[in-house]
Peer 1: 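Submitted below is the structure of interest, expressed as structure tokens.
A, B, ... follow the sequence lines: proteins, then strands. Residue 1 opens every chain.
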Amino acid sequence: MISIQNLTKSYNGTKVLQIDSLHIAKGESVGLVGNNGAGKTTLFSLLLDLIQASTGEVRIQGQLVNESEEWKTFTRSFLDESFLIGYLTPEEYFYFVGDLQGIGKDEVDLHVSSFTEFFNGEILGKRKYIRDLSKGNQKKVGIVGTLLGNPELVVLDEPFANLDPSSQYRLKNIIWELMDRKEMTILISSHDLAHTVEISDRIIALEKGSVIKDVSTSEETLEDLLTFFAM
Amino acid sequence: MFFKLLRLEWKSFFRSASFGKGLAVKLMLAFLSLYFFVCFLALGIGIFFLIKKEFGYNEPILFVNNYLLIWFFGEFIIRFLFQNIPIVGIKPLFAQGISRSRIINVLLIKSLFSFFNFITLTVAIPFVIVNSMESSYSVLSLLGWLIAVVAIVFFLNFFNLWVQQRLAKGIKTLLPMIVILLLLIGLEYYNIYSVSTLFGSFFTYVLQYPVLGVLPFALAYYAYKMVYADFRKNLYLDTFTRKGEAEAKIPAADLTWLNKLCKLAPFIQLDIKLLMRNKRAKNTVYLSFFFLFYGVFIYSSDYYGSNNIMHLLVGILITGIFIINFGQFIPAWDSSYFPLLRTQPILVKDYLAAKVLLMYVSVLLITLLSLAYIYYGWNTVYINIACAVYNLGVNIPVILLFSTINRKRIDLDHGSVFNYQGMGISQWLISIPLLLIPMIIWGAVKFVFSIYTANMVLIVLGCLGLLFTPLILKAVASLYVERRYKTVEGFKQKD
């Protein structure tokens, strides 16, 4: 699904990211962990062609992300609030994204209605603009927006941050369900090691811009990571 | 403590991120304010002699008195539109051990240093100085008069804050006042009873008994107390947020007919919502309608004669003010969610085409409305139509070309007219060719041939431009793609 070769990103001569080779297969669910400034968001931004790579290349399904636009039809991402349109209501936002993706209104309604529990009655039908929602609720809108129409690749930056405990639990359920189907490739970054281990079958740890750990998730992974980051 | 708070204000002004930035914008603003300052100053000095000569008043100040109320009414309207409650920055103070009354006092006193309080004074002070030299009134009388004027200015300052504060709660509480106002305007208009003369006669009394000049301060004080009491009751963190009116105002169904435009529809719907729901964007729409009336001043003035080059400027401005104001901030309007657009399967060409379509519609709509100027003769209509076609065909593509260098973020919620966020030097420069080139072409052709040929030339140029627009769109689209990283980066910078 994703293949990265010799990818580096430097700002004013300082390397903030260096990944020699990284491959992610279709249907994998990858958790990206690391401290602040480890390069998680930089990696996602490079993957989504939002910043320019200093060297190297990123391919999604064999196509270079900075040349082809094909990947945009099956890739969906939510990195921060700049992926939301503040002056729309959540419904209007879903319809707008649906329009861009060629998903009809009815299909959007059907999809969104399956997240009733996750929304907890605070989002739909409130006639409130997204900019007036709380941070947590904004995040929910963004996450559900990415899952619209079952894309093949989903990229989420810190999806658990700002969510209340019940919503975190519900989000985990949603992701587990998607993992079971093995159709969607999911990339999730997080500071929260426990969450990440639970919802991924592969963990990649970044430190100062390099991959320092790349393991399949097992019983011991969490403990491993905890000791690793405790240093 | 009070001074500590004031010092905080001082720091916030000089340390604000935008303070050091954009020297060109600053210079331009400084130039503009200097220009207005000089204009007002000249008005203050000149009006004495003007009234004496034109209207034959021995004491122009008596003439001025009769129009003071209208002047102040105008000042109030300007304040009402542009002056906001200086609420920013007080949020962190709430949690500190500072009494509410102190915060409110600082807030209100700070408002006295607003730019708006100096407009009237810039005219009034030179006027009083000229009077003291030329008229028979004593310096003491004139000082009393000036003090009364200052007091009224202060009154307007607080009264405006009070009205705005009331308005935030809903227009109903202001209804009685609006009714009284309309009644007074009606009485004045039909010469039944003139409040402005009554108001003026007070100022004439002040000239006789200068002590009376202090009286309006009671009014200002009362207004201060009113705002104070209102704030005291209502100044909470959520007072000025939009939570109350957060409801989506337009039903989605209203825009579904747009779906017939197929792939452009989502963008157009988004742009319409952008224009309806965000303060800053809304202002550009209001301004476009406001500018429609610009023609009245020029057309009805004999000074410019008929078919003057000024008429062309009016035509270009009326039909083009929206494309100038809206077009030059493409794609910055979408800056707060630009990464979303970048990661969706969107053709930049479609994105731009939707904006162009919106601008076309605006030009057509405004041109239709401007047909009312047929009152001033067919010529004005011809000129306006020629300008509209020129705007459609030439100015829209030009503005799109300029838009490729836009990299400054716009925060949609900050709406005041004195908000120059997203402005760079290019934004100032861009208006010049848009207005000047058609004026030069039209003026030259008119001089050599005739006004009809001049109009025709603009129309032909516009039509040619329309033919080439698709090509230009394509070029602009590829420039957008080329500069995408810089744009994303630029839009991320909040200041």
Peer 1: Between OH of B:Tyr485 and CG of A:Asn66, what distance do you get to the nearest 0.5 Å?
Peer 2: 4.5 Å

Peer 1: What is the minimum heavy-atom distance between B:Pro345 and A:Lys72, and which atoms define it?
Peer 2: CD-O, 3.3 Å

Peer 1: So, taking the atom named NZ in B:Lys273 and the one named CZ in A:Phe96, what distance separates them when rounded to the nearest 0.5 Å?
Peer 2: 9.0 Å

Peer 1: How far does CG of B:Leu340 sit from CD of A:Glu81, to the nearest 0.5 angstrom?
Peer 2: 12.5 Å

Peer 1: Are more than 12 heavy atoms, taken from residues, nucleotides or ligands other than A:Lys208, located less than 6.0 Å from that residue's NZ atom?
Peer 2: no

Peer 1: Rounded to the nearest 0.5 Å, what separation is found between the CZ atom of B:Arg342 and the CD atom of A:Glu69?
Peer 2: 6.0 Å

Peer 1: Hey, which of A:Leu48, A:Ile85, A:Leu79 has the most heavy atom pairs under 4.5 Å with chain B?
Peer 2: A:Ile85

Peer 1: With a 4.5 angstrom heavy-atom cut-off, which part of B:Leu341 approaches chain A: side chain, backbone, both or neither?
Peer 2: side chain

Peer 1: Are side-chain heavy atoms of A:Leu88 and B:Leu270 found at a separation under 4.5 Å?
Peer 2: yes

Peer 1: For B:Arg277 and A:Thr89, which heavy atoms make the closest approach, and how far apart are they?
Peer 2: NH1-N, 4.2 Å

Peer 1: So what's closer than 4.5 Å to chain A heavy atoms on B:Gln344: side chain, backbone, both or neither?
Peer 2: both

Peer 1: What residue, out of B:Tyr337, B:Phe267, B:Phe338, has the most heavy-atom pairs lying under 4.5 Å from chain A?
Peer 2: B:Tyr337

Peer 1: Just verifying a value: how many Å separate A:Phe44 CZ and B:Thr343 OG1, rounded to the nearest 0.5 Å?
Peer 2: 13.5 Å

Peer 1: Below 4.5 Å, heavy atoms only, C-beta onward: do B:Lys492 and A:Leu50 meet side chain to side chain?
Peer 2: no

Peer 1: With a cut-off of 6.0 Å (strictly less than), are more than 12 heavy atoms of other residues, nucleotides or ligands near NZ of A:Lys172?
Peer 2: yes

Peer 1: What is the distance from atom CG of A:Asp99 to atom CD1 of B:Ile346, rounded to the nearest 0.5 Å?
Peer 2: 11.0 Å

Peer 1: Select one option (side chain, backbone, both, neither) describing which atoms of A:Thr73 are under 4.5 Å from chain B's heavy atoms.
Peer 2: both

Peer 1: Taking the side chain as everything from C-beta on, heavy atoms only, tell me whether B:Lys486 gets closer than 4.5 Å to A:Gln52.
Peer 2: no

